[in-house]
Number of protein chains: 2
Amino acid sequence: MTSGFDLAPGFRAAATACGLKPSGRPDLALIVADAPCTAAGVFTTNRVKAAPVLYDQRVLARSADSIRAVVANAGCANACTGDEGARDAAAMAGIAAQAAGCTSDQVLVLSTGVIGVRLDLAKVERGVEALMPSLDKTGGGDAVSRAILTTDTHPKVATTHLELGGRRITISGFAKGAGMIHPHMATMLAVITTDARISAGALGGALTAAVRRSFNRISVDGDMSTNDTVLVLASGASGAEVGAADLPVFVESLTEVSASLARQIARDGEGATRLVEIQVTGSPDEDHAHAVANAIACSSLVKTAIHGGDPNWGRILAATGAAGVEIDPERISLWVGAGDNAVQLAERGMRAKYEERLAAERLREDPVCLRLDLGLGASEATVWTCDLSEEYVAINAEYTT
Amino acid sequence: MTSGFDLAPGFRAAATACGLKPSGRPDLALIVADAPCTAAGVFTTNRVKAAPVLYDQRVLARSADSIRAVVANAGCANACTGDEGARDAAAMAGIAAQAAGCTSDQVLVLSTGVIGVRLDLAKVERGVEALMPSLDKTGGGDAVSRAILTTDTHPKVATTHLELGGRRITISGFAKGAGMIHPHMATMLAVITTDARISAGALGGALTAAVRRSFNRISVDGDMSTNDTVLVLASGASGAEVGAADLPVFVESLTEVSASLARQIARDGEGATRLVEIQVTGSPDEDHAHAVANAIACSSLVKTAIHGGDPNWGRILAATGAAGVEIDPERISLWVGAGDNAVQLAERGMRAKYEERLAAERLREDPVCLRLDLGLGASEATVWTCDLSEEYVAINAEYTT
């Protein structure tokens with residue numbers, strides 16, 4: 001069964017189960033570009049960075065205009081592994097480089113899984129060998145989107161198209177998420193491919209802009225991983241050049257794919273039963289709105305109340321007051337539900353007149369839409385999270401065992 | 001059944017069930033001082049402040065040297081209730097003032113419970129009337145320590161003594177906690193009484209110092225309440241004057257009582273099965289150490305791992321890296337367990353050689369002791385939290401219903 005997901009033209013992909021996951025599920029993915037690509041990456045801001053993150057940052061600093069492959073594994077994060085871990089990440093790139101017919105300088109590496117355990121390179125080597133025969137067949141996009149999953153319940157994929165100068169450009173990406181999801185990149189891996197022709201510098205700027213309004217706008221549990229990475233590779237296979245004037249429309253499409261992947265990650269947060277969309281309006285500026293939306297998204301009390309379908313709006317106001325930015329409690333209004341069906345829960349900082357039954361119904365929708373108006377300005381921001389269930393605890397109390 | 005807990009000499013107390021809690025359990029407490037007291041308070045830093053918090057701040061600004069009573073209720077937070085809520089808090093003080101034979105300017109008010117619902121003053125009035133006959137009997141300390149509880153499983157009380165100039169001083173306090181517990185005062189109420197004679201100014205300074213190393217060093221769920229308040233009242237009944245030279249020893253004793261109450265709050269966090277003590281050593285300064293300890297204490301992934309008895313030290317290092325302060329991953333060492341029984345989990349940022357079985361045993365102790373050495377300096381800080389269980393979610397998904 002495949003989802004029919006494909007990478008952008010100019011890329012081939014394959015995946016296999018090489019034995020890094022004890023479950024025996026697919027855990028090794030290889031993406032090979034037909035020709036050198038421009039590439040860019042955004043990485044975790046955690047001060048404890050995994051070996052593959054440090055490796056990729058060095059590769060992109062040197063050869064962002066000649067990337068040929070991405071190799072990714074699940075089951076082992078290769079984090080907190082010291083100098084040996086750094087050598088293992090480079091060796092993993094070397095194995096992929098040999099398969100792709102390039103140098104290890106042209107390979108980016110992604111790892112996710114348990115921290116503090118060394119990567120089994122023999123398994124990676126045998127795995128790359130095993131997946132090579134599949135590399136020229138179609139359907140590789142679907143396979144790699146599955147091989148990077150850990151506690152995710154399903155793959156996250158998104159594709160969009162845009163036209164430039166009569167030529168069609170594809171932007172197509174996949175991601176993994178599940179736990180440790182938080183702004184500034186939590187355990188989240190994403191690879192976005194495009195057949196646009198775009199300089200590495202422009203691609204980097206476009207990715208930063210897209211990440212700001214997508215992957216940095218989601219939170220599952222407030223934890224930040226050592227391995228978070230979002231990569232974008234541009235093959236140029238469409239022949240369509242993204243010039244300076246085309247950049248805004250390219251950024252918009254890249255943001256669309258990124259935001260779709262980000263929402264899918266939030267919706268599939270560990271133990272989640274519903275996506276929660278938190279829109280904060282009436283802020284003096286976007287950063288202010290983001291701070292408030294994020295504080296609400298990070299509140300365990302808000303997320304458990306949503307899980308229980310309980311319109312406990314006081315917890316949302318309490319989280320707002322703890323966001324660390326200036327607000328005026330007596331100007332705050334709050335609604336739950338989308339569009340015309342929204343039920344107003346609070347008005348000028350106090351309880352609005354609403355029917356408990358209707359409010360509880362809106363809280364059981366998927367997605368749950370919360371809108372908070374601060375009454376202070378014209379800026380807004382949206383953050384996505386999920387409800388917090390008993391299942392989140394059960395999953396995380398027994399992850400390594 | 002009483003715990004035998006008493007307030008300091010110079011205070012009488014009584015409690016009753018006035019019907020604010022649907023369960024019919026005790027929910028109204030009154031403490032009356034025999035003579036005017038000096039008093040001080042530390043309050044939530046949440047920008048959404050409940051009416052009783054704003055009321056107390058005004059009272060203490062005016063009459064911190066002539067406080068006669070504290071009236072406290074559970075079941076209704078009187079938060080997000082607008083101007084009517086402010087009037088209700090003042091009216092509650094007035095009811096207590098009449099009972100205590102003082103003015104409402106001499107009364108401090110505490111409320112905890114559901115947000116956004118108006119306080120039923122008729123119930124408060126009848127309740128104060130009903131508890132008056134008990135006010136002159138002993139055992140009132142035990143009764144009031146129970147009446148302020150919400151989802152707490154048991155009362156939190158602590159008493160210590162010190163000698164000044166041949167006279168014995170008592171410092172005796174009680175608290176409630178359970179959820180929304182976080183540095184900078186989460187839903188936590190505490191009242192500490194002493195029979196020391198001390199100026200309101202010195203008492204305020206002493207309380208700030210004590211809170212910094214006690215109530216501000218605990219975290220249950222990272223949420224910050226609209227109602228948090230710690231009050232201290234000094235009756236002077238011992239006749240022992242706390243002069244400038246005696247202040248350090250008084251602060252030490254006040255900190256001892258505060259820290260005991262704080263640890264009891266963390267241990268009784270909603271759904272908690274174990275107290276977790278996180279000691280960070282080797283920091284350049286105490287604030288730095290506190291930031292790291294707090295980041296670990298706030299990590300849902302760390303707290304669920306502890307709940308599962310899983311020595312997932314990588315999550316602790318990941319939380320350390322996300323603390324927002326400079327660290328060097330390659331200098332970090334980590335132990336679990338107290339004293340000689342401690343098992344080293346990480347050495348210089350990598351896995352240490354340890355037996356899984358022994359590490360898992362240490363994680364099942366109560367308290368669980370984690371010690372993280374940063375290898376950067378000589379300062380340290382300790383933070384207390386609890387494990388995160390499925391029960392936390394179950395409690396908070398159904399609080400108002």
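To find a chain, count down the sequence lines: A is the first, B the second, and so on, and within it residues start at 1. Just so it is clear, the model here is predicted, and its values are computed rather than measured.
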Structural part of B:Glu84 lying under 4.5 Å from a heavy atom of chain A: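 Looking at B:Glu84, nothing touches chain A.
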Within 6.0 angstrom of B:Glu330 CD, more than 12 heavy atoms from elsewhere: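 12 or below, so no.
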Testing the basics here: between [X] and [Y], what is the closest heavy-atom pair and its distance to 0.1 Å?
X        : Y        : value
B:Ala318 : A:Ile115 : CB-CD1, 4.4 Å
A:Arg351 : B:Gly116 : CB-O, 3.9 Å
A:Gly349 : B:Cys80  : O-CB, 3.2 Å

B:Leu317 side, atom CG; A:Asn46 side, atom CG - distance, nearest 0.5 Å: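 Here the interatomic distance stands at 9.0 Å.
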Atom pair CG (A:Leu388) and CG (B:Leu388), whose distance is rounded to the nearest 0.5 Å: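 Nearest 0.5 Å value for the CG-CG distance: 7.0 Å.
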Test item: B:Asn312 and A:Val114 side chains (from C-beta on) under 4.5 Å apart, heavy atoms: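 No; the side chains remain at least 4.5 Å from each other.
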Under 4.5 Å from any heavy atom of chain B - which part of A:Val325: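 Contact with chain B involves the backbone of A:Val325 alone.
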